[in-house]
Undergrad: 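The structure that follows is given in the form of structure tokens.
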Amino acid sequence: QTTRYEIVYRIRTKGTQVFVNEEFVGTIDPSGMFYREADRLVLGKVDRSESIRTKVYVGEARVGSLMIPQEKSVVSPRAFDMDEKLDPKAHLLFMVQAIHEVILLLNR
């Protein structure tokens, strides 16, 4: 929760439902695709192909990344690296996906 947003993740077997300020936004499937369920519009995705950096996309545009520590005892000084020119909606979609990735990492 931030001063502007309350983000709730409802984790299910087929994907994670995302709510922002009590409004359903979409679902993140196990592969990292974030889409609006009503019309399957892709809101974003994560690319987990690199072991130390997860790339985050909003729509088709890469907007940043999430650093994955190789050892649990190592603290990264900057976990999120995002484009500073993001509009508020793109920033929110980046944060929704990046925080979801952190949640998944912590639950491994």
Side-chain angles (χ1 to χ4, degrees):
Q1 184 171 335
T2 69
T3 56
R4 296 176 64 194
Y5 303 111
E6 177 185 37
I7 303 169
V8 175
Y9 299 93
R10 185 178 294 161
I11 300 172
R12 306 281 189 202
T13 54
K14 293 184 179 181
T16 301
Q17 296 175 324
V18 179
F19 297 81
V20 176
N21 296 340
E22 299 182 13
E23 182 178 330
F24 180 61
V25 176
T27 299
I28 303 173
D29 72 16
S31 73
M33 189 68 64
F34 184 25
Y35 61 91
R36 194 167 57 198
E37 282 193 20
D39 56 4
R40 304 288 291 178
L41 175 73
V42 175
L43 302 172
K45 64 181 177 181
V46 294
D47 177 357
R48 302 180 186 119
S49 61
E50 293 181 32
S51 62
I52 61 169
R53 181 184 303 266
T54 298
K55 298 172 191 157
V56 180
Y57 294 80
V58 171
E60 294 297 319
R62 180 176 170 195
V63 295
S65 58
L66 168 68
M67 297 298 295
I68 310 296
Q70 295 302 298
E71 299 176 29
K72 289 189 176 189
S73 62
V74 177
V75 177
S76 175
R78 185 175 182 137
F80 298 157
D81 182 22
M82 71 181 110
D83 185 346
E84 294 177 9
K85 299 173 186 164
L86 293 178
D87 64 57
K89 182 179 178 183
H91 182 266
L92 174 62
L93 293 176
F94 171 88
M95 293 305 295
V96 163
Q97 295 177 93
I99 292 169
H100 180 257
E101 286 298 302
V102 171
I103 292 168
L104 294 179
L105 284 169
L106 294 174
N107 285 310
R108 282 189 191 163

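As the structure is a prediction and not an experimental result, all values here were calculated from the model.
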Undergrad: Decide whether F94 and L92 are clustered together by the hydrophobic rule: side chain heavy atoms of Ile, Leu, Val, Met, Phe, Trp, Tyr closer than 4.5 Å, transitively.
TA: yes

Undergrad: For Y9 and M95, work out which heavy atoms get closest and say how close.
TA: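 Shortest heavy-atom contact: OH-O, 4.0 Å.
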
Undergrad: Any side-chain heavy atom of Y5 sitting closer than 4.5 Å to one from V96?
TA: no

Undergrad: Specify the closest pair of heavy atoms between P30 and K14, including all atoms of both residues, with the distance to one decimal.
TA: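 Between these two residues, the closest heavy atoms are CD-O, 3.4 Å.
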
Undergrad: Quick check for you: to the nearest 0.5 Å, what is the distance between L104 atom CG and I11 atom CD1?
TA: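 Output value for this atom pair is 6.5 Å.
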
Undergrad: If I compare all heavy atoms of S31 with all of D29, which pair ends up nearest, and what's the gap?
TA: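 That closest heavy-atom pairing would be OG-OD1, 2.7 Å.
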
Undergrad: Identify, with sequence neighbours excluded, every residue that meets salt bridge (charged side-chain N to carboxylate O under 4.0 Å, His left out) alongside R62.
TA: none

Undergrad: To the nearest 0.5 angstrom, please state how far the NZ atom of K89 sits from the CG atom of L43.
TA: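 It comes to 7.0 Å.
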
Undergrad: Measure across D47 and Y57 and return the closest heavy-atom pair with its distance rounded to 0.1 Å.
TA: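 Here D47 and Y57 meet closest at CB-CE1, 4.0 Å.
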
Undergrad: Using a 6.0 Å cut-off, check whether atom CD of E50 has over 12 heavy atoms from anything other than its own residue.
TA: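 Result for CD/E50: enclosed.
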
Undergrad: Ignoring hydrogens, what is the shortest heavy-atom contact between T54 and R48? Give both atom names and the distance.
TA: CG2-CG, 4.2 Å

Undergrad: Return the CG to CG distance between L66 and L105, rounded to the nearest 0.5 Å.
TA: 6.5 Å

Undergrad: Nearest 0.5 Å, please: how far is OH in Y35 from CD1 in I28?
TA: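 Answer rounded to 0.5 Å: 10.0 Å.
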
Undergrad: Do K55 and K45 touch side chain to side chain, with heavy atoms closer than 4.5 Å?
TA: no

Undergrad: For the atom pair NE2 (H100) and CD1 (I7), what is the distance rounded to the nearest 0.5 Å?
TA: 12.0 Å

Undergrad: Enter the distance from H91:NE2 to L86:CG here, rounded to the nearest 0.5 Å.
TA: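 If I round to the nearest 0.5 Å, the distance is 7.0 Å.
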
Undergrad: Is the closest side-chain heavy-atom distance between V56 and E101 below 4.5 Å?
TA: no

Undergrad: Which heavy atom of F24 sits nearest a heavy atom of V18, and at what distance?
TA: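 In this case the closest contact between F24 and V18 is CD1-O, 3.5 Å.
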
